[in-house]
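Comments concern the structure below.
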Amino acid sequence: DRDQIMEVWAAKHPQASWDAAKCKAHVLLTRYNGDFAEFFEIQKQQLAARQRETAQSGTNRLVRDQDAVVVETDLDARCRQLQDEMDKAINNSNSHMNSAVLHGGVEQRYPTTVLRLELERELDCLLREQVYERERATRFLLEQDDEDAFETDSSEEDAKTATSRAKKPDNVSKGVYHARKAALAEAGKDEATRQLEKEFALLGPKACFGCRKPNCVWTSSVDWDHINARRQQISDELVYVRMHPDIKVLESYVPLSAARGGNPHFRRDDVLYELTWEDKQLDMRSHLDALDRELHDAHATQKEYMEVKALHGYRTMMWTNNARRALDREHNRYVAMVVACDIVDDALEWMLEGWHFGERESHYSVAGYVPSLKPEGFVRAGSDQVLAQAAAEKRAGERRQAE
């Protein structure tokens with residue numbers, strides 16, 4: 001039990017009265033858990049911190065009976081709410097302040113300076129969005145090339161033709177109208193937009209604005225044929241395992257650990273977990289590729305609105321600027337998850353190759369400095385070694401075919 005484990009770990013050296021199991025447990029605990037004195041000191045510090053928090057607050061920090069909060073959705077009312085809260089933060093002399101305005105109506109404590117800056121940033125964002133909405137509305141009103149847009153303002157003509165509509169504008173009126181529309185669109189551009197348009201003009205007529213190259217160089221980050229085949233294989237194996245609920249231990253070579261040379265014998269819960277986890281990982285990488293494609297298209301288009309599907313799973317018409325922000329935020333979230341998984345996988349692969357889990361024969365023939373496969377740096381354990389191994393096997397196969 002835990003008390004016996006802690007007693008074995010607390011001893012500085014194995015005791016003469018211990019059996020072989022306790023001696024082995026002491027060696028493993030010291031090697032992988034570290035020094036017991038450091039662990040005990042950390043526990044004391046954490047206990048003291050909890051006691052201080054209890055003495056200061058006297059109550060549980062988790063508010064479990066929080067009522068549902070109605071979030072303000074009207075843009076003008078939200079701006080007034082932010083302005084009122086910002087005035088309170090400006091006139092507050094305390095170092096910290098409670099506020100329920102920023103994050104969905106849930107009251108939280110902030111440093112007063114940080115809260116004021118965040119409220120200012122949120123208010124600026126809403127006001128900027130209002131300006132953009134009005135500019136878009138004005139631009140669309142000018143683009144309505146109908147007869148009403150060219151009705152005369154002369155009082156004499158209004159008296160004569162009060163019951164009739166104005167005639168269709170002639171070529172001169174059309175020229176004035178289009179010149180006015182172009183002047184208004186040009187006046188609404190800032191210096192950064194004009195500089196960006198100059199850079200795009202230098203790229204040529206067939207330039208890709210998403211890649212900022214004379215020709216589009218975007219490529220998919222996944223092999224769709226391989227991923228679809230692998231997900232189909234995982235789906236078939238999941239169906240087989242779920243159709244045999246009485247089997248507690250089964251043999252399967254479909255899970256990733258078994259395919260990479262591990263033990264093919266699994267408990268039923270373990271194989272279900274591993275197959276489901278891999279399927280989720282492949283789905284996440286496929287969704288990231290779809291987000292990357294639509295984000296590229298959002299930056300490449302010059303239209304005011306575009307159709308987006310990767311965000312919600314169904315087709316949605318959005319303003320292009322809003323679509324860029326939403327796709328960029330979702331793209332960053334998926335990139336963070338994929339990179340975190342790759343780092344953990346590389347760390348585990350490095351530990352496996354370094355015999356942290358016991359001695360084993362390596363399945364890779366490439367490691368270290370191999371200029372023919374990686375001119376810069378070393379081929380390290382993990383995804384780097386997997387790619388180098390695949391490249392080496394491809395070259396070996398080409399040499400065999402040539403012979």
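Predicted model only: the values in this text are computed from it and were never measured. What's counted below: heavy atoms across the whole structure, side chains too, no hydrogens, waters or symmetry copies.
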For [X] versus [Y], what's the shortest heavy-atom pair and its separation?
X	Y	value
Met317	Met306	SD-O, 3.3 Å
Pro245	Lys248	O-NZ, 4.2 Å
Cys23	Pro14	SG-CB, 4.3 Å
Ile234	Leu275	CG2-O, 3.6 Å
Tyr110	Leu102	OH-CB, 3.9 Å
Thr320	Lys303	OG1-O, 2.7 Å

Is there a side-chain contact (heavy atoms from CB on, under 4.5 Å) between Met284 and Val338 once you walk through the steps? CA-CA 8 Å; Met284 182 173 63; Val338 169; 4.0 Å; yes

What distance do [X] atom [atom1] and [Y] atom [atom2] have between them, rounded to the nearest 0.5 Å?
X	Y	atom1	atom2	answer
Lys88	Asn98	NZ	CG	11.5 Å
Ile343	Leu348	CD1	CG	12.0 Å
Arg285	Cys341	CZ	SG	6.5 Å
Thr301	His296	OG1	NE2	11.5 Å
Arg315	Glu307	CZ	CD	5.0 Å
Tyr253	His265	OH	NE2	6.0 Å

side-chain contact (heavy atoms from CB on, under 4.5 Å) between Leu127 and Gln130: does it pass, once the steps are laid out? CA-CA 5 Å; Leu127 294 176; Gln130 282 185 317; 3.5 Å; yes

Counting N and O atoms only, with roles assigned by atom type, does the side chain of [X] sit under 3.5 Å from a partner on the main chain of [Y], one being a donor and the other an acceptor?
X	Y	value
Arg116	Ile90	no
Glu85	Ser99	no
His299	Cys211	no
Glu294	Lys309	yes
Thr30	His26	yes

Got [X] and [Y] here, is their nearest side-chain heavy-atom distance under 4.5 Å?
X	Y	value
Cys79	Leu123	yes
Asp292	His331	yes
Val308	Leu327	yes
His244	Leu250	no
Glu304	Trp319	yes
Leu47	Gln51	yes
Val101	Leu115	no
Arg78	Glu122	yes

Checking Met337 against Tyr334 for the side-chain contact (heavy atoms from CB on, under 4.5 Å) test, could you report, in this order, the C-alpha distance in whole Å, the side-chain angles of both residues, the deciding distance, and whether it holds? CA-CA 5 Å; Met337 291 190 292; Tyr334 272 82; 3.9 Å; yes

Stepwise side chain to side chain donor-acceptor pair (under 3.5 Å) test for Gln232 and Asn228: CA-CA 6 Å; Gln232 184 62 42; Asn228 291 333; over 6 Å; no

Between Asp289 and Arg293, is there a salt bridge with N-O shorter than 4.0 Å? no

Please say whether more than 12 non-hydrogen atoms of neighbouring residues, nucleotides or ligands are located less than 6.0 Å from [atom1] in [X].
X	atom1	answer
His312	NE2	yes
Met243	CE	no
Glu7	CD	no

Would you please say whether a donor-acceptor pair under 3.5 Å links the side chains of Asp297 and Trp218? no

Taking atom types as modelled, find out whether Arg230 and Gln233 have a side-chain donor-acceptor pair closer than 3.5 angstrom. yes

Below 30° counts as parallel, above 60° as perpendicular, anything between as tilted: where do the rings of Phe36 and Phe40 land? parallel

Ser286/Ile227 under side-chain contact (heavy atoms from CB on, under 4.5 Å): CA gap, chis, key distance, verdict: CA-CA 8 Å; Ser286 303; Ile227 283 186; 3.7 Å; yes

Consider side chain to side chain donor-acceptor pair (under 3.5 Å). Of Asp328, Asn322, Asn321, which one does Arg325 pass it with? Asn322

